[in-house]
Amino acid sequence: MSSVEIDFAKQGGLVPVIVTDHETKEVLMLAYMNQEAFEKTLALGQMVYWSRSRKELWHKGATSGHYQHVKSLKIDCDQDTLLASVVQEGAACHTGAHSCFFTTIPLGDDKQ
């Protein structure tokens with residue numbers, strides 16, 4: 001159990017987790033954790049999230065083999081968002097892409 005105080009109550013029991021590649025610093029995905037997922041992540045050294053659609057814990061990689069090995073966890077100044085640095089095995093995205101953020105939104109010619 002961590003001595004860090006995370007404010008799970010502020011956002012209905014869940015906190016967003018921004019996940020980055022440990023080596024490249026690329027943003028891989030955004031997911032959510034409840035307190036149980038956070039504690040399991042600390043115990044396993046692998047990312048465990050709360051699946052909002054399935055309403056259950058989701059150990060990233062348990063079915064796909066695309067595990068995320070935790071290198072560091074940071075908390076923001078409001079204690080309600082986590083930043084995870086991971087070593088990603090395989091794809092982070094369910095589409096098979098390395099990152100979930102692969103679609104660029106055009107801003108128009110005057111914005112570039």
Side-chain angles (χ1 to χ4, degrees):
M1 184 111 138
S2 172
S3 63
V4 174
E5 291 294 323
I6 299 172
D7 195 348
F8 289 102
K10 186 187 285 185
Q11 299 180 84
L14 298 177
V15 296
V17 184
I18 302 163
V19 184
T20 63
D21 184 287
H22 183 67
E23 290 189 23
T24 67
K25 312 302 182 220
E26 177 183 18
V27 176
L28 298 176
M29 59 184 280
L30 170 71
Y32 293 85
M33 279 186 182
N34 61 11
Q35 187 156 1
E36 184 181 7
F38 176 71
E39 290 171 2
K40 286 192 180 287
T41 294
L42 294 179
L44 291 173
Q46 295 178 343
M47 297 302 288
V48 178
Y49 304 107
W50 176 256
S51 171
R52 295 176 301 157
S53 59
R54 295 188 313 263
K55 300 199 182 331
E56 65 184 14
L57 289 180
W58 163 36
H59 181 183
K60 178 71 170 152
T63 55
S64 67
H66 297 171
Y67 293 99
Q68 294 176 332
H69 304 278
V70 181
K71 296 304 273 185
S72 72
L73 290 171
K74 295 181 180 182
I75 190 166
D76 76 333
C77 58
D78 293 324
Q79 297 178 304
D80 62 3
T81 302
L82 294 172
L83 177 63
S85 177
V86 303
V87 172
Q88 176 69 51
E89 284 187 42
C93 184
H94 74 280
T95 66
H98 181 68
S99 168
C100 292
F101 296 94
F102 55 84
T103 303
T104 302
I105 298 172
L107 298 177
D109 293 336
D110 61 331
K111 305 255 191 298
Q112 296 179 16

Shared ILVMFWY cluster between [X] and [Y], side chains joined below 4.5 angstrom?
X	Y	answer
Y49	F8	yes
F38	V48	no
V15	V70	yes

Please tell me whether Q88 and H98 have a donor and an acceptor in their side chains that are separated by less than 3.5 angstrom.
no
Does the side chain of [X] reach to within under 4.5 Å of the side chain of [Y], using non-hydrogen atoms?
X	Y	value
K25	T20	no
K71	V87	yes
C100	L30	no
H59	K40	no
V27	I18	yes
W50	M33	no
Y67	L44	no

Using a 3.5 Å distance criterion without hydrogens, assess whether the side chain of D78 forms a donor-acceptor pair with backbone atoms of D80.
no
Does any N or O in the side chain of Q79 come within less than 3.5 Å of the main-chain N or O of E5, such that one atom is a donor and the other an acceptor?
yes
Give the intermediate values and the outcome of side chain to side chain contact (heavy atoms under 4.5 Å, CB included) for residues K60 and V86.
CA-CA 11 Å; K60 178 71 170 152; V86 303; over 6 Å; no
Candidate list T81, L82, L83, test side chain to side chain contact (heavy atoms under 4.5 Å, CB included), partner I75, passing option:
L82
Gap between atom [atom2] of [Y] and atom [atom1] of [X] - 0.5 Å precision:
X	Y	atom1	atom2	value
S85	L73	OG	CG	9.0 Å
L28	F101	CG	CZ	9.5 Å
H22	S72	NE2	OG	7.0 Å
R52	W58	CZ	CH2	10.0 Å

N/O donor-acceptor pairs under 3.5 Å from side chains in residues 89-96, not counting sequence neighbours:
residue : atom : partner : partner atom : Å
E89     : OE2  : H69     : NE2          : 2.4
T95     : OG1  : A97     : N            : 3.3

So with a 6.0 Å cut-off around CD of E56, is the heavy-atom count from everything else above 12?
yes
Neighbour count >12 (heavy atoms, 6.0 Å) for atom NZ, K10:
yes
